[in-house]
Undergrad: 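I'd like to ask some things about the structure below.
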There are 4 protein chains.
Amino acid sequence: MAEIKNASSAAAADNAPGVRARRKAQRPQEILHAAFDEFVERGYTATRIEDVAKRAGVTKGTIYLYFQNKEELFQDVVRKLSQPIFNEEQFWLEHQSRPCDQLVRLFLDTVYEHMTVNPYSREILRFLISDGRSFPELTASHYDEFVKPTLTIFEHILEKGMREGVFRADAATSQMSYILLSPALTLTIDKLLDCQTDLPELNDYVNAHYEMIMRNIRK
Amino acid sequence: MAEIKNASSAAAADNAPGVRARRKAQRPQEILHAAFDEFVERGYTATRIEDVAKRAGVTKGTIYLYFQNKEELFQDVVRKLSQPIFNEEQFWLEHQSRPCDQLVRLFLDTVYEHMTVNPYSREILRFLISDGRSFPELTASHYDEFVKPTLTIFEHILEKGMREGVFRADAATSQMSYILLSPALTLTIDKLLDCQTDLPELNDYVNAHYEMIMRNIRK
Amino acid sequence: MAEIKNASSAAAADNAPGVRARRKAQRPQEILHAAFDEFVERGYTATRIEDVAKRAGVTKGTIYLYFQNKEELFQDVVRKLSQPIFNEEQFWLEHQSRPCDQLVRLFLDTVYEHMTVNPYSREILRFLISDGRSFPELTASHYDEFVKPTLTIFEHILEKGMREGVFRADAATSQMSYILLSPALTLTIDKLLDCQTDLPELNDYVNAHYEMIMRNIRK
Amino acid sequence: MAEIKNASSAAAADNAPGVRARRKAQRPQEILHAAFDEFVERGYTATRIEDVAKRAGVTKGTIYLYFQNKEELFQDVVRKLSQPIFNEEQFWLEHQSRPCDQLVRLFLDTVYEHMTVNPYSREILRFLISDGRSFPELTASHYDEFVKPTLTIFEHILEKGMREGVFRADAATSQMSYILLSPALTLTIDKLLDCQTDLPELNDYVNAHYEMIMRNIRK
DNA sequence: CATGAATGAGAATTCATTCAT
DNA sequence: CATGAATGAATTCTCATTCAT
């Protein structure tokens with residue numbers, strides 16, 4: 001998990017005056033990040049509150065000032081550290097004039113960039129697979145807020161292409177989007193399993209994925 | 001987990017004479033299945049040996065007659081309950097004469113059948129995602145023994161199609177197989193998350209997946 | 001404990017016919033010796049019945065055919081494997097004509113021989129020191145049957161010497177015997193502790209002990 | 001074990017404010033003494049951490065705040081409750097001018113006083129005999145730190161007497177010291193066995209022991 | 001606010017003992 | 001007689017949570 005490194009690490013010991021207030025305001029965030037890191041490394045059940053505390057540079061008791069209990073802490077980690085890949089409005093604002101095949105490519109690049117650069121989506125997916133059964137609403141809301149919107153943008157791109165006559169007329173079913181985007185999820189799972197010695201070069205992979213999509217939707 | 005129901009449930013209490021030896025032979029299996037069920041429901045760490053025992057119709061101590069400890073039990077569950085989807089030799093024996101596009105379809109049907117009908121592959125995938133980091137060799141060997149061979153058959157089908165001139169010359173790279181089969185894994189993950197209220201009708205999904213593949217490899 | 005090696009080791013597997021009956025008769029003895037060895041190596045509480053059984057070449061259940069339970073087994077080990085150093089009658093029969101200083105020397109030699117050659121007295125002393133508080137009658141009867149008689153012989157020797165005018169008139173108090181024989185116990189304890197790298201050469205030690213005694217009782 | 005009674009008994013329940021810090025400082029000591037008492041009564045293996053806790057007026061968990069585990073606790077009991085009989089320097093400072101036979105007597109009185117008054121040396125000897133095989137370094141270091149220095153002082157006294165011409169020229173070999181002091185160890189063992197109904201009157205015993213020594217070393 | 005000592009409910013594991021074969 | 005599978009009480013050790021300071 002070397003790539004997962006966040007602010008919390010910097011915590012620990014600074015006694016400068018005035019810093020206190022600023023620190024206090026950041027506490028919950030620091031704790032969330034520390035908790036995230038621990039959950040990633042050990043899983044929910046095996047993570048000890050004390051270790052989260054140590055990582056956040058505070059003591060056990062402090063955790064309980066900000067979070068009801070371990071379950072709440074876990075749910076807050078998932079809820080507050082999940083980051084949407086896209087802001088749909090902004091996406092269209094920035095790229096409206098582009099041709100549709102470029103939009104598909106842009107979309108893909110953004111998805112992979114997001115998945116590769118930051119560990120949150122990936123690891124939160126792990127949390128949900130591992131312990132989601134104990135927190136059913138969590139999984140549901142995560143899907144609604146983060147997965148679905150992403151699929152939706154892709155569908156909108158396909159629809160645009162159809163309207164413009166560059167994509168096949170039957171390209172944009174929600175099922176098709178789902179299938180066409182699968183390789184991105186597959187790569188994520190592979191990283192979670194961390195077992196493939198021969199993980200593909202990312203760039204090649206995205207290219208291949210893009211080709212696969214285009215062969216399916218190009219007129 | 002209603003669908004996961006196995007022999008172990010039938011255990012509990014029968015004192016008929018002669019039963020002893022027969023029971024002893026079955027015990028490990030019964031325990032493995034009970035453990036599987038519990039691990040599925042609660043995850044590795046949250047599963048208590050005593051619950052596994054109860055489910056298997058024995059007591060704590062008995063578990064330890066057959067398995068060194070909880071870790072071993074877990075590993076044995078993964079190792080011994082994993083079932084290969086295909087026997088490659090048999091696959092070719094049975095279907096050698098078929099045209100290649102039919103082979104692709106057969107392959108897909110078998111994969112989805114396996115994934116849908118029996119919970120083992122799916123749930124063992126969950127185990128590996130959840131706790132695989134604590135058992136690295138386990139993940140690796142599972143990949144080698146169960147995932148890789150399946151990918152390999154698919155590649156062989158693609159190669160056959162290329163040799164016979166019905167598939168495109170660049171169809172069969174290992175990366176491409178991986179990408180083309182992604183939708184099957186995606187569906188599995190979705191089931192693991194158990195959050196999609198609108199899970200697609202399996203048959204439609206397989207059809208769509210098949211179409212996606214064919215559009216990519218057909219000449 | 002390399003020096004402790006007894007018949008029990010030879011147990012295990014012999015299926016020759018006829019041997020059965022002989023073996024059966026020896027079972028209790030074999031078990032006692034196996035138990036002794038285990039108690040020596042691990043102490044009472046840490047010794048497992050199953051290990052005793054394995055060492056005796058039988059199975060757990062068999063132990064319970066011959067001994068009520070672990071406590072009984074322990075007590076029987078102490079009771080039945082304790083060996084008296086002397087038979088007083090025989091001692092006098094054999095050595096009656098000897099001069100008293102020679103008797104003292106003979107007595108000492110026998111004591112040290114007994115303590116050195118066979119591990120029973122020593123290790124049973126360990127048992128009593130370790131766990132005697134849980135078996136009070138055991139300690140008492142061991143003292144009465146094995147320690148006291150030995151002290152008594154020594155007193156009788158001293159008395160004989162006094163009667164014959166070769167030992168001082170105040171030589172033979174029971175306290176004095178006790179004090180004069182202390183070095184033998186001390187050496188035993190040292191062996192039990194097994195920590196002295198510089199354990200004295202036995203022969204020198206006995207000589208020194210003899211000298212010490214003689215300086216105290218010689219006229 | 002009526003004579004073994006220590007501070008820990010006074011523990012249990014006091015909630016007065018400010019007590020916290022003071023208590024925390026005492027905890028390890030209290031636990032050590034409670035553990036000592038339990039080990040004395042039941043032996044290492046049979047002692048339950050929970051009983052130690054109860055005796056110390058705390059709960060199980062607290063023990064583990066101060067000691068890694070049961071083995072560490074045991075070793076710390078032996079290490080930290082062992083008390084040297086003498087401070088050699090101080091002994092010489094206080095008694096340098098005394099004649100050597102008086103030094104011997106002083107030495108003996110101190111040894112017996114120490115052994116009689118406080119149970120630590122005696123019971124720690126029991127621990128080492130019972131369980132020392134599981135903690136070999138412990139026995140070794142105990143011998144080096146507590147037994148050997150005591151023997152050494154005695155040898156120095158003998159040497160002084162030889163130099164001054166009041167003791168025999170061959171009095172001070174290390175073997176001889178060992179033999180001459182044996183009766184003290186013997187008495188200790190007897191107390192450990194707690195079986196002699198006719199334990200000698202201590203004062204008589206020390207007198208007899210002193211006489212025995214003097215008969216051996218006086219010119 | 002923050003601390004960290006203390007708690008005590010659990011969970012894994014062991015092993016004396018039983019009893020069907 | 002002998003076996004060894006099964007039991008379940010007992011024990012060590014952990015860790016979420018509380019609360020006095």
Side-chain angles (χ1 to χ4, degrees), chain A residues 20-21 23-24 27 45-54 57-73, chain B residues 15-25 27 45-53 56-71 73, chain C residues 20-21 23-24 27 45-54 57-73, chain D residues 15-25 27 45-53 56-71 73:
Chain A
R20 192 77 172 276
R23 282 291 305 287
K24 212 169 54 183
R27 279 278 145 80
T45 325
T47 289
R48 286 165 359 189
I49 291 287
E50 178 142 32
D51 290 340
V52 173
K54 199 168 295 168
V58 298
T59 53
K60 270 178 315 190
T62 305
I63 307 278
Y64 287 89
L65 293 176
Y66 297 100
F67 304 90
Q68 283 253 317
N69 53 34
K70 199 181 168 188
E71 289 203 358
E72 281 296 325
L73 176 60
Chain B
N15 302 321
V19 175
R20 194 80 168 272
R22 183 151 27 82
R23 286 300 298 287
K24 148 123 216 224
R27 277 280 140 78
T45 327
T47 289
R48 287 167 358 205
I49 290 287
E50 180 145 30
D51 292 339
V52 172
V58 297
T59 53
K60 268 178 318 192
T62 304
I63 306 282
Y64 288 91
L65 291 178
Y66 298 98
F67 303 90
Q68 283 248 318
N69 53 36
K70 199 181 166 187
E71 289 203 359
L73 176 60
Chain C
R20 192 79 170 275
R23 283 291 305 286
K24 212 168 53 180
R27 278 281 144 80
T45 326
T47 288
R48 286 165 359 189
I49 291 288
E50 179 142 32
D51 290 340
V52 173
K54 199 168 295 168
V58 297
T59 53
K60 269 177 316 191
T62 305
I63 306 277
Y64 287 89
L65 293 176
Y66 298 101
F67 304 90
Q68 283 253 317
N69 54 33
K70 198 181 168 188
E71 289 204 356
E72 282 295 327
L73 176 60
Chain D
N15 301 322
V19 176
R20 196 81 169 272
R22 185 151 25 84
R23 286 300 298 287
K24 148 124 216 224
R27 277 280 139 77
T45 326
T47 290
R48 287 169 356 207
I49 290 287
E50 182 145 29
D51 291 340
V52 173
V58 297
T59 52
K60 266 180 321 192
T62 305
I63 306 282
Y64 289 92
L65 292 178
Y66 298 98
F67 303 90
Q68 284 248 317
N69 53 36
K70 198 180 167 187
E71 289 203 356
L73 176 60

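Every chain is numbered from 1, with letters handed out A, B, ... down the list of sequences. Only a predicted model underlies this, so the values are computations on that prediction, with no experimental measurement involved.
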Undergrad: Just compare E/dT3, F/dT3, E/dA16 and give me whichever is closest to any side-chain atom of C/Val58.
TA: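 Looking only at heavy atoms from C-beta outward on C/Val58, the closest nucleotide is F/dT3.
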Undergrad: In terms of side-chain heavy atoms of C/Tyr66, which of F/dC1, F/dC13, E/dT13 is nearest?
TA: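 Nearest to the side-chain atoms of C/Tyr66, counting from C-beta on, is F/dC1.
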Undergrad: So C/Lys60, base contact, sugar-phosphate only, or nothing? Heavy-atom distance under 4.0 Å.
TA: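 Touches a base.
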Undergrad: Distance check needed: E/dT17 C1' versus C/Ile63 CD1, whole Å only.
TA: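 After rounding, the reported distance stands at 12 Å.
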Undergrad: Let me spell it out: for each of B/Leu65 and D/Gly61, pick the nucleotide of DNA chain F with the closest heavy atom. Which residue's pick is nearer the 5' end?
TA: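 Counting from the 5' end, the first nearest nucleotide belongs to B/Leu65.
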Undergrad: Check every atom of F/dT7, E/dA12, F/dC15 against the side chain of A/Arg48 and return the nucleotide holding the closest atom.
TA: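 Side chain of A/Arg48 sits closest to F/dC15.
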Undergrad: Just how far is it from atom OG1 of A/Thr62 to atom CZ of A/Phe67, taken to the nearest 0.5 Å?
TA: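 Going from OG1 on A/Thr62 over to CZ on A/Phe67, the span is 11.5 Å.
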Undergrad: Does the side chain to side chain contact (heavy atoms under 4.5 Å, CB included) test come out yes or no for D/Leu73 and D/Tyr66, once each step is laid out?
TA: CA-CA 9 Å; D/Leu73 176 60; D/Tyr66 298 98; over 6 Å; no
Undergrad: I want to confirm an ordering. Mapping C/Thr45 and B/Asn69 to their closest nucleotides on DNA chain E, which one lands closer to the 5' end?
TA: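 By nearest-heavy-atom nucleotide position, the 5'-most residue is B/Asn69.
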Undergrad: Check the distance between E/dA12's P and B/Gln68's CD and give it to me in whole angstrom.
TA: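 Between P of E/dA12 and CD of B/Gln68: 16 Å.
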Undergrad: Taking only the side-chain heavy atoms of A/Tyr64 (C-beta and beyond), determine which of F/dT12, F/dA6, F/dT18 contains the nearest atom.
TA: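 Among F/dT12, F/dA6, F/dT18, the one nearest the side chain of A/Tyr64 is F/dT18.
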Undergrad: What is the distance, to the nearest angstrom, from the CG atom on D/Asp51 to the P atom on F/dT11?
TA: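 So the CG-P distance, D/Asp51 to F/dT11, works out to 8 Å.
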Undergrad: Whole angstrom is fine here: how far is it from CD in C/Glu50 over to C1' in E/dT13?
TA: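 It is 15 Å, rounded to the nearest whole Å.
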Undergrad: Atom NZ in B/Lys60, atom CZ in B/Arg48: separation rounded to 0.5 Å?
TA: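 So the NZ of B/Lys60 and the CZ of B/Arg48 are separated by 10.0 Å.
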Undergrad: Among E/dA12, E/dG8, F/dT7, which nucleotide has an atom closest to any side-chain atom of D/Thr59?
TA: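 Looking only at side-chain atoms, D/Thr59 lies closest to E/dG8.
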Undergrad: If F/dA2 has a Watson-Crick or G-U wobble mate with both distances under 3.5 Å, name it; if not, just say none.
TA: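 Result: E/dT21.
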Undergrad: Partner lookup for E/dG8, please. Criteria are Watson-Crick or G-U wobble with both distances under 3.5 angstrom; report none if nothing qualifies.
TA: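 F/dC15 is the nucleotide pairing with E/dG8.
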Undergrad: Between E/dT13, E/dA6, F/dT17, which nucleotide gets closest to the side-chain atoms of A/Lys70?
TA: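 From the listed options, F/dT17 comes nearest.
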Undergrad: When rounded to the nearest Å, what value does the distance between P atoms of F/dT21 and E/dC1 take?
TA: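 About 22 Å, rounded to a whole number of Å.
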Undergrad: Look at the side-chain N and O atoms of C/Arg27 and state whether any lies under 4.0 Å from the OP1 or OP2 oxygen of F/dC1.
TA: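 No, outside the criterion.
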Undergrad: Might you confirm whether atom CD of A/Gln68 has over 12 heavy atoms from other residues, nucleotides or ligands at distances under 6.0 Å?
TA: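 Result for CD/A/Gln68: open.
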Undergrad: Roughly how many Å is it from CZ in C/Phe67 to C1' in E/dT17, rounded to a whole number?
TA: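 From C/Phe67 CZ to E/dT17 C1': 16 Å.
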Undergrad: Could you state the atom-to-atom distance from CD1 of A/Ile49 to P of E/dT7 in whole Å?
TA: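 That distance rounds to 21 Å.
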Undergrad: If only atom types and distance count, is the side chain of D/Lys70 paired as donor or acceptor with the main-chain N or O of D/Thr47 below 3.5 Å?
TA: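 Pair found, side chain donor or acceptor close to backbone of D/Thr47.
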Undergrad: If pairing requires Watson-Crick or G-U wobble contacts with both distances under 3.5 Å, which nucleotide is the partner of E/dT14?
TA: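 Paired with E/dT14, as far as the under-3.5 Å criterion goes, is F/dA9.
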